[in-house]
Amino acid sequence: MDEKEKQLETIKRYFPEMTPLQEDRLQELWKLYTEWNEKINVISRKDIANLYLHHVLHSMSIARYIKFSPGSHILDLGTGGGFPGIPLAILMEDVQWTLIDGTKKKITVTRDIVEKLSLDHVTALQVRAEEVKDKFDFVVTRAVADLDVLLQWSRRLITAKHKNSLPNGLIALKGGAIKDEVKKLPKSEYYEVIPIARYFAESYFEEKYIVYVQG
């Protein structure tokens, strides 16, 4: 079994409930991202060999923290090449996803992958957060900015009407010195910091966190 297959089997082990279509879409991601990465540096060239573990499974950790209710509308802010939005959209087909990024070449990659995977419940837009007019149940994001900045960008985009097990808010994938970032949040904010190692045993996730801030 090669490295790609090993990583894919790891995902299947953590998400055994996936349908054959979901597994096929995951399988297709390797080809699509490696082809794009030869043209555009979507993922670090040193890290493309770890696509499934470092990018796809990392994104999917949010699905272990919360399964969004059918009909929820989620914004992936600063999606880059489609993370965490595309892996989450593969898992949650009854949720509407809007993936935004200000960089044209990155959103071009995201749109192409969305189209090739026939993810009809996903919209990819080249816009900045301040240009977005819609409201969403949650904003998800990965490696975009510090928490206090993300909260400033996100708060006006979060609807007041709740339909999920958690109150609407911001869910950010974070690594490293998370305590310093959390200290910058206003004292009145409710937040949770969840170690991803709670869900996944691989050493890569030892200093990776999901941070939820109520909207």
Is there side-chain contact between [X] and [Y], with at least one heavy-atom pair below 4.5 Å?
X     : Y      : value
Tyr33 : Ile43  : yes
Leu77 : Val140 : no
Leu57 : Tyr204 : no
Ser72 : Gln96  : no
Ser61 : Leu173 : yes

Which residues satisfy the side chain to side chain contact (heavy atoms under 4.5 Å, CB included) test with [X], sequence neighbours excluded?
X      : value
Thr159 : Lys135, Asp137, Lys161, Asn168
Ala145 : Val149, Leu150, Trp153
Tyr191 : Val182, Leu185, Val193, Val213

All side-chain hydrogen bond (donor to acceptor under 3.5 Å, both in side chains) counterparts of [X], not counting sequence neighbours:
X      : result
Asp112 : Trp36, Lys116
Glu115 : none
Glu130 : Arg128
Arg198 : none

Short side-chain to backbone donor-acceptor contact, [X] and [Y], under 3.5 Å:
X      : Y     : answer
Gln22  : Thr19 : yes
Gln7   : Tyr52 : yes
Arg142 : Pro84 : no
Asn50  : Leu53 : no
Ser59  : Leu88 : no
Thr110 : Gly82 : yes

Parallel, tilted or perpendicular, as decided by the 30° and 60° cut-offs, for the rings of Phe68 and Trp97: perpendicular
Aromatic ring pairing Phe138/Tyr212, orientation class (parallel under 30°, perpendicular over 60°, tilted between): tilted
Just verifying a value: how many Å separate [X] [atom1] and [Y] [atom2], rounded to the nearest 0.5 Å?
X      : Y      : atom1 : atom2 : answer
Phe83  : His54  : CZ    : NE2   : 12.5 Å
Glu202 : Ile196 : CD    : CD1   : 11.5 Å
Leu21  : Ile90  : CG    : CD1   : 9.0 Å
Ser44  : Ile48  : OG    : CD1   : 9.0 Å
Asp134 : Leu157 : CG    : CG    : 9.0 Å

With a 4.5 Å cut-off on side-chain heavy-atom distances among I, L, V, M, F, W and Y, is there a chain of contacts connecting [X] to [Y]?
X      : Y      : answer
Val132 : Ile107 : no
Ile194 : Leu170 : no
Ile171 : Phe205 : yes

Carboxylate-amine/guanidinium contact Glu189 Arg155, below 4.0 Å: yes
Ion pair check, Glu9 and Lys12, cut-off under 4.0 Å: yes
Step-by-step side-chain hydrogen bond (donor to acceptor under 3.5 Å, both in side chains) determination, Gln27 to Glu23: CA-CA 6 Å; Gln27 184 92 37; Glu23 289 186 12; over 6 Å; no
Nearest heavy atoms of Ser69 and Asn164, plus distance in Å: N-OD1, 2.6 Å
Contact summary for Val139 and Ser154, nearest pair of heavy atoms: CG1-OG, 3.6 Å
Set of ring-ring contact (aromatic ring centres under 6.0 Å, His included) partners for Phe15, sequence neighbours left out: none
Does anything in [range] form a salt bridge (Lys or Arg N to Asp or Glu O under 4.0 Å)? List the pairs, not counting sequence neighbours.
range           : result
residues 38-50  : none
residues 84-106 : Arg25-Glu93
residues 65-87  : none

Residues in salt bridge (Lys or Arg N to Asp or Glu O under 4.0 Å) contact with Glu207, at least two apart in sequence or another chain: none
